[in-house]
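Only one structure is covered here, and it is reproduced in the block below.
Side-chain atoms are counted along with the backbone in the values below, which use heavy atoms only and exclude waters and symmetry mates. So you know, we letter chains A, B, ... as the sequences are listed, proteins then strands, and number each from 1.
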Amino acid sequence: MPCPAQMLGFTTPIRLARVIFGGRTFRSYINPPREAHSTALPLSQHVFASNRRTEPHPHSCDNTARMPPQFTPRTLKTFQRRLLAWFRAHQRDLPWRSSRDPYRIWVAEIMLQQTRIAAVLPYYRRFLKTFPTVESLARAPQEKVLQLWSGLGYYSRARNLHRAAKEIASSHAGEFPRTLEAALALPGIGSYTAAAVLSIAYDQPLAVLDGNVARVLARLGAIRGDLRAPARWRQLAASAQSYLALTAPGDWNQALMELGETICTPRIPRCGVCPVSRWCLARARGLTREIPAPRRKRAPVRIRIAAAILRDPRGRTILVRDPGAHDDVLFSRMWQFPAVEVARHPEAELATHLHDILKIDRASLHLEPLPSARHGVTFRNITLLPFLARVPRLPKRPRTRVLLLSRLAQLPASSATHKIAAALARR
DNA sequence: AATGCGGGGTC
DNA sequence: GACCCAGCATT
């Protein structure tokens with residue numbers, strides 16, 4: 001039977017892993033990985049004393065985790081008290097902190113994946129107003145869920161959230177699961193989200209590890225190297241578990257994240273006001289600027305995409321969905337204007353595309369160029385080239401939708417689509 | 001272990 | 001303009 005820490009992907013004891021990048025080509029990356037080297041730290045605390053097996057075997061929970069040497073059990077307690085006190089005094093009033101409803105916490109955690117609080121806030125309020133309970137979300141059509149997610153990005157989050165809500169409604173009596181195993185079985189819920197919801201809503205002793213926590217822990221323990229490398233991430237996860245304040249796991253997790261976001265920031269941390277700087281090995285060794293190591297990043301690829309706003313005399317336009325493989329990347333399988341990646345002759349290539357998918361007659365088609373816009377999707381650096389085409393009537397085709405341009409916001413559409421529509425107003 | 005997925009705040 | 005974010009699923 002795996003212990004909770006193992007289910008979160010920890011392997012204990014942590015081995016000093018030399019990460020091998022042999023054979024990898026770095027040419028296409030901006031930041032080639034540095035020589036990987038772990039910082040050796042003593043195994044100094046038992047994490048899951050109660051889970052200790054008399055017969056340790058490779059799959060048992062070994063209970064030991066790496067912890068920076070500046071701590072003793074007593075100073076660890078002081079450290080925890082200080083950080084918790086700081087959090088309780090300085091935490092911001094965020095909508096998902098006003099209740100312990102697991103549903104509300106879960107939705108927030110999904111939205112917050114790779115997304116800043118400021119970006120989430122308006123989406124969260126609107127979403128909770130529309131779907132105040134897991135049952136209301138489970139009953140909703142996916143189209144409506146995606147519409148409320150439009151512009152927030154990572155749309156599979158919304159699709160998975162919706163699927164998970166249906167599962168909770170049908171198989172968990174409408175209650176978010178209380179066990180780690182059941183939570184992890186839900187779509188869109190991984191180590192981080194499971195630990196976050198279970199600790200915050202149910203007081204379960206599960207430490208979260210996200211980008212913020214990883215940075216804080218890496219600095220505390222002066223851990224060098226790429227924090228996202230799987231072996232090091234597991235090391236950090238074990239470390240996080242060893243720090244966890246069992247008296248208030250939810251507050252503790254949020255305290256670490258809040259510290260990382262407001263004090264222990266990526267570039268220039270505000271060590272002067274950090275409540276736990278006295279225990280920070282990176283600060284003691286002058287390594288705060290070296291830690292964390294920069295993330296490896298794919299080199300950007302520039303592409304151009306031409307898109308057509310067809311408009312009939314009544315001000316209606318036509319949107320398409322799932323028109324072809326490469327368009328999905330940019331438009332996330334949501335409603336979009338007919339568009340195609342172009343090379344040398346955007347107008348001509350777009351006209352051909354419109355003929356191909358909508359059977360629009362090329363000869364009578366006039367495409368008026370609109371102001372271009374820029375759009376980034378992961379490593380793609382996209383120039384959007386919108387065109388306006390006035391047409392007497394809009395075609396009727398499968399997987400298309402005709403609607404007033406002014407009603408665009410009522411459909412699921414990515415930001416790229418909204419940028420194209422906005423070009424019309426900037427004309 | 002590596003990759004792709006959105007979008008925007010912040011420096 | 002670069003960096004990175006309250007990660008997850010897939011291969």
Side-chain angles (χ1 to χ4, degrees), chain A residues 8-9 17 19-25 28-31 33 36 92 94 96-97 105-124 149-161 163-164 184 186-197 199-200 207-216 226-234 237 240 250 253-262 265-269 292-301 328-334 374-382 413-419:
Chain A
L8 285 178
V19 180
I20 306 299
F21 295 102
R24 189 99 183 69
T25 313
S28 61
Y29 288 85
I30 298 297
N31 301 314
R92 287 163 293 175
L94 299 171
W96 47 88
R97 286 181 177 161
I105 294 164
W106 169 41
V107 171
E109 294 301 343
I110 299 295
M111 286 191 173
L112 287 164
Q113 288 169 7
Q114 297 286 279
T115 310
R116 311 226 175 219
I117 289 173
V120 164
L121 282 173
Y123 285 86
Y124 183 80
W149 213 273
S150 297
L152 195 54
Y154 284 143
Y155 298 99
S156 64
R157 294 185 297 179
R159 298 187 180 100
N160 284 332
L161 178 68
R163 283 171 49 206
L184 288 173
L186 293 169
I189 296 190
S191 305
Y192 166 79
T193 307
V197 176
S199 67
I200 297 170
V208 301
L209 181 64
D210 71 339
N212 284 317
V213 175
R215 184 174 56 255
V216 170
D226 178 7
L227 303 186
R228 302 272 175 173
R232 188 163 289 101
W233 195 259
R234 287 192 295 272
N253 283 330
Q254 295 185 80
L256 272 178
M257 292 191 278
E258 188 115 333
L259 184 73
E261 193 191 325
T262 61
T265 51
R267 299 281 186 65
I268 304 166
R295 278 174 84 170
R296 206 150 52 98
K297 225 181 59 175
R298 181 91 146 76
V301 175
D328 296 349
V329 172
L330 178 55
F331 299 103
S332 313
R333 290 149 53 203
M334 311 239 277
R374 306 209 48 86
H375 188 69
V377 182
T378 60
F379 62 90
R380 291 178 191 79
N381 207 330
I382 299 155
S414 82
S415 288
T417 296
H418 288 290
K419 285 179 185 174

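When heavy atoms are screened at a 4.0 angstrom cut-off, A:T193 is found touching the sugar-phosphate backbone but no base atom. Contact annotation for A:R97: base contact, defined as any heavy-atom pair under 4.0 Å involving a base atom. Among the protein residues, A:G260 comes within range of no part of the nucleic acid, since none of its heavy atoms lies under 4.0 Å from any strand. Residue A:R159 is out of contact with every strand shown, counting any heavy-atom pair closer than 4.0 Å. Residue A:T378 is in base contact, counting any heavy-atom pair closer than 4.0 Å across all strands shown. Nucleic acid contact for A:W96: base, since at least one base atom lies under 4.0 Å from a heavy atom of the residue.
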Inset, instruction - Using the side chain to side chain contact (heavy atoms under 4.5 Å, CB included) rule, take A:W106 and A:I189 through it: C-alpha gap first, then chi angles, then the decisive distance, then the call. - result: CA-CA 9 Å; A:W106 169 41; A:I189 296 190; 3.5 Å; yes
Legend entry - A:T193/A:I110 under side chain to side chain contact (heavy atoms under 4.5 Å, CB included): CA gap, chis, key distance, verdict: CA-CA 7 Å; A:T193 307; A:I110 299 295; 3.9 Å; yes
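Checking C:dA2, C:dC5, C:dG7 against every side-chain atom of A:N212, the shortest atom distance belongs to C:dC5. Closest to the side chain of A:F379, from the set B:dC5, C:dC8, C:dA2, is B:dC5. The side chain of A:S332 sits closest to B:dG6 out of C:dA6, B:dG6, C:dC4. With B:dA1, C:dA6, B:dG7 as the candidates, the nucleotide lying closest to the side chain of A:V377 is B:dG7.
Atom-to-atom, CD1 of A:I189 to C1' of C:dA6 comes out at 14 Å; the value is rounded to the nearest Å. Taking atom NZ on A:K419 and atom P on B:dG6, their separation rounds to 13 Å, with Å as the unit. Nucleotide B:dG6 holds its C1' atom 16 Å from the CZ atom of A:R374, rounded to whole Å. A straight line from CG of A:L121 to P of C:dC5 spans 19 Å, rounded to a whole angstrom. For the pair A:R298 CZ and C:dC3 P, the interatomic distance rounds to 16 Å; values are reported in whole Å. The separation between A:Y192 atom OH and C:dC8 atom P is 8 Å, rounded to whole Å. One can place OH of A:Y155 at 8 Å from P of B:dG8, the figure rounded to the nearest angstrom. One interatomic measurement links the two molecules: CZ of A:F331 to P of B:dC5, which rounds to 13 Å at whole-angstrom precision.
A gap of 13 Å separates the P atoms of C:dA6 and B:dC11, to the nearest Å. Taking the P atom of each, B:dG6 and C:dT10 are spaced 14 Å apart, rounded to whole Å. Nucleotides C:dC5 and B:dC5 have their C1' atoms positioned 14 Å apart, rounded to a whole Å.
Residue whose closest nucleotide on DNA chain B sits further toward the 5' end, between A:R157 and A:P230: A:P230. Nearer the 5' end of DNA chain C, as judged by each residue's closest nucleotide, is the contact made by A:N381, out of A:N381 and A:A108. Comparing A:M257 and A:N160 by the nucleotide of DNA chain C whose heavy atom lies nearest to each, the residue mapping closer to the 5' end is A:M257.
Scored by the side-chain contact (heavy atoms from CB on, under 4.5 Å) test, A:R267 finds no partners at all (sequence neighbours excluded). Evaluation of the side-chain contact (heavy atoms from CB on, under 4.5 Å) rule for A:A214 yields A:L209, A:L227, A:W233, A:L236 as partners, not counting sequence neighbours. In this structure, the side-chain contact (heavy atoms from CB on, under 4.5 Å) partners of A:Y154, at least two apart in sequence or on a different chain, are A:Q114, A:R157. Here A:R97 pairs with A:E258 under the salt bridge (charged side-chain N to carboxylate O under 4.0 Å, His left out) rule; sequence neighbours left out. Partners of A:A416 according to the side-chain contact (heavy atoms from CB on, under 4.5 Å) rule, which considers only residues two or more places apart in sequence or in another chain, are A:L330, A:F331, A:H375, A:L384, A:S414.
When each of A:R92, A:R215, A:R116 is tested with A:E261 by the rule salt bridge (charged side-chain N to carboxylate O under 4.0 Å, His left out), just one qualifies, namely A:R92.
Near-neighbour residues of DNA chain B inside residues 109-117 of chain A, defined by a heavy atom below 4.0 Å, number-ordered: A:Q114, A:T115, A:R116.
Put simply, A:S415 has a side-chain N or O that comes within less than 4.0 Å of OP1 or OP2 on B:dG7. The shortest distance between the side-chain N/O atoms of A:R295 and the OP1/OP2 oxygens of C:dC5 is below 4.0 Å. Regarding contacts with the backbone of B:dG6, every side-chain N or O of A:H375 stays at 4.0 angstrom or more from both OP1 and OP2. Within the 4.0 Å cut-off from OP1 or OP2 of B:dG4, not a single side-chain nitrogen or oxygen of A:R380 is found.
Taking all atoms of both residues into account, the shortest heavy-atom contact from A:V120 to A:T115 is CG2-CG2, 3.8 Å.
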